[in-house]
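Data first, discussion second: the structure below is written as structure tokens.
The basis for the numbers below is simple: all heavy atoms, side chains too, and nothing from hydrogens, waters or symmetry mates. Chain letters run A, B, ... following the sequence lines, proteins first and then strands; every chain starts at 1.
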Protein chains: 2
Amino acid sequence: MSVTREKIMELGEDLIRTRGYNAFSYQDISSELGIKNAAVHYYFPSKENLGTSIVKTNIQRFEEMIQNMQNRGFDELHQLEIFMKIYVKSNREEKLCIVGSLGPNVESLNEPTRVELKKMTESIVVWLTGILISGREKNIFAFKGEARDRALLILSSLVAGLQLARILDKTDFKVIYQAILEDLRP
Amino acid sequence: MSVTREKIMELGEDLIRTRGYNAFSYQDISSELGIKNAAVHYYFPSKENLGTSIVKTNIQRFEEMIQNMQNRGFDELHQLEIFMKIYVKSNREEKLCIVGSLGPNVESLNEPTRVELKKMTESIVVWLTGILISGREKNIFAFKGEARDRALLILSSLVAGLQLARILDKTDFKVIYQAILEDLRP
DNA sequence: TGAATTTTACTTATTAGTAAGTATATTTGC
DNA sequence: GCAAATATACTTACTAATAAGTAAAATTCA
């Protein structure tokens with residue numbers, strides 16, 4: 001695969017996660033990469049196309065990560081911690097996650113991007129629900145109520161945790177992170 | 001105060017909370033209200049100006065609400081429930097809150113709007129922290145750790161709860177809402 | 001050579017914003 | 001009490017900039 005194409009996707013994801021989908025242009029990408037905007041259109045005919053590709057790649061990365069963790073036989077707490085580390089890294093880099101950056105603008109996205117965003121969010125929730133269920137069975141986790149409800153609560157805390165940390169203080173994410181783990185402790 | 005001015009602010013807030021700050025234009029407002037875009041500029045010289053005014057009004061509304069609840073002597077649980085009802089209403093109307101709609105785009109906002117957004121978020125966190133502290137003292141609430149940490153966790157859940165509900169399913173907000181209250185029960 | 005990649009040189013549409021003008025009230029001076 | 005001055009609430013008619021997107025030519029690579 002083309003290195004230019006990869007650079008465009010990387011920068012595009014970066015811009016979505018820092019400024020937001022509606023706050024970056026092909027000009028931003030082309031000038032940063034030292035190419036012309038038509039070159040960006042060569043790889044991604046439309047912005048919708050670029051957005052959708054970025055989300056698809058993120059889904060793929062997530063699927064590979066959970067597959068890898070399961071293959072290695074990581075226990076539920078270990079898996080959750082690795083997943084949450086992605087958010088810790090995002091916070092360190094002052095970026096949001098894809099769900100938290102595209103989500104608020106879902107009404108202004110094109111259908112294909114919206115569909116992929118929904119797929120990605122659902123994938124995360126399904127996986128989280130799964131490890132919460134098996135984790136509770138093994139007494140690694142303790143929580144009240146339905147596992148899916150708890151998964152939604154945890155994901156919400158992580159997603160908006162990054163958002164609040166950028167508004168208020170970077171260090172505020174850490175306390176959210178710790179409270180999530182604390183609340184699951186048996 | 002002018003009725004047109006109020007309509008502009010109302011519609012502007014609506015557009016921010018449904019589509020996002022960078023996804024609406026003065027044209028959207030003027031055409032919807034049956035006026036010319038110059039008329040919108042007459043009341044709000046710049047978009048930054050409109051954005052800042054909208055956040056300021058929201059801060060004022062919030063301050064009035066908590067003042068009113070305190071004057072009436074509502075207990076901590078009652079106050080929290082009234083605050084959370086704002087989010088339930090937002091979810092019903094498929095809108096985000098101001099913090100959750102402007103927050104993700106904080107890097108693309110102008111300084112004055114960013115300052116007001118920070119003020120608003122901080123106000124909410126400070127108030128929430130306060131009722132969590134006095135609520136725990138009275139054994140109305142039970143939770144582990146620092147009250148401010150818990151306040152951040154609750155606010156995160158509400159903010160991204162609305163976001164996730166729009167991506168996945170409207171009914172998903174309800175379970176987040178209930179889990180928050182459940183987790184605070186002594 | 002021929003296909004892939006990239007630039008040149010655009011178009012069309014939309015954006016925020018402005019300058020100048022107008023009708024209708026409202027206030028002020030006499 | 002009434003004319004002159006002024007403020008309010010807009011419209012008309014623009015600008016300058018930027019947005020996404022495209023056709024065709026030029027270049028690079030294999």
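Remark: P of dA9(D) and NZ of Lys7(B) are 14 Å apart, rounded to the nearest angstrom. Atoms CD1 (Ile35(A)) and P (dT7(C)) sit 6 Å apart, rounded to a whole Å. Rounded to whole angstrom, the span from the NZ atom of Lys36(A) across to the P atom of dA26(D) amounts to 17 Å. One interatomic measurement links the two molecules: CG of Asn110(B) to P of dT15(C), which rounds to 17 Å at whole-angstrom precision.
The stretch residues 118-127 of chain A participates, sequence neighbours left out, in these side-chain hydrogen bond (donor to acceptor under 3.5 Å, both in side chains) pairs: Glu63(A)-Ser123(A), Gln79(A)-Trp127(A), Glu116(A)-Lys119(A), Glu122(A)-Arg148(A).
Annotation: the terminal axes of the helix from dT1(C)-dA30(D) to dC30(C)-dG1(D) meet at 30°, where each axis is the rotation carrying the C1' atoms of four end pairs onto the next four (5 pairs per end, rounded to 10°).
The pair Arg150(B)-Asp183(A) counts as a salt bridge, with a side-chain nitrogen and a carboxylate oxygen less than 4.0 angstrom apart. Salt-bridge check for Glu10(A) with Lys7(A): failed, with every basic side-chain N at 4.0 Å or more from each acidic carboxylate O. Ion pairing between Glu182(A) and Arg185(A) holds under the 4.0 Å rule for side-chain N and carboxylate O.
Scanning residues 9-32 of chain A for heavy-atom distances under 4.0 Å to DNA chain D yields Phe24(A), Ser25(A), Tyr26(A), Gln27(A). Using a 4.0 Å cutoff on non-hydrogen atoms, the parts of residues 39-47 of chain A near DNA chain C are Ala39(A), Tyr42(A), Tyr43(A), ordered by number.
At least one side-chain nitrogen or oxygen of Thr4(B) sits closer than 4.0 Å to the OP1 or OP2 atom of dC10(D).
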Derivation and outcome, side chain to side chain donor-acceptor pair (under 3.5 Å), residues Arg72(A) and Asn68(A): CA-CA 6 Å; Arg72(A) 294 192 187 197; Asn68(A) 190 261; 3.2 Å; yes
What do the steps show when you test Asp28(A) against Arg19(A) for salt bridge (charged side-chain N to carboxylate O under 4.0 Å, His left out), and what is the final call? CA-CA 11 Å; Asp28(A) 292 327; Arg19(A) 285 192 235 165; 3.3 Å; yes
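In this view, Lys174(B) and Gln178(B) satisfy the side chain to side chain contact (heavy atoms under 4.5 Å, CB included) rule, not counting sequence neighbours. The salt bridge (charged side-chain N to carboxylate O under 4.0 Å, His left out) test applied to Glu93(A) returns Lys89(A), Lys95(A), not counting sequence neighbours.
Judged by distance alone, the side chains of Ser101(A) and Tyr21(A) never bring a donor and an acceptor atom under 3.5 Å apart. Side chains of Ser157(B) and Ser156(A): a donor-acceptor N/O pair is absent below 3.5 angstrom, by distance only.
The listed nucleotides are dT22(D), dC10(D), dT6(C); the one nearest the side chain of Asn37(A) is dT22(D).
Classified by interplanar angle (parallel below 30°, tilted 30° to 60°, perpendicular above 60°), the ring pair Tyr177(B)/Phe173(B) is tilted.
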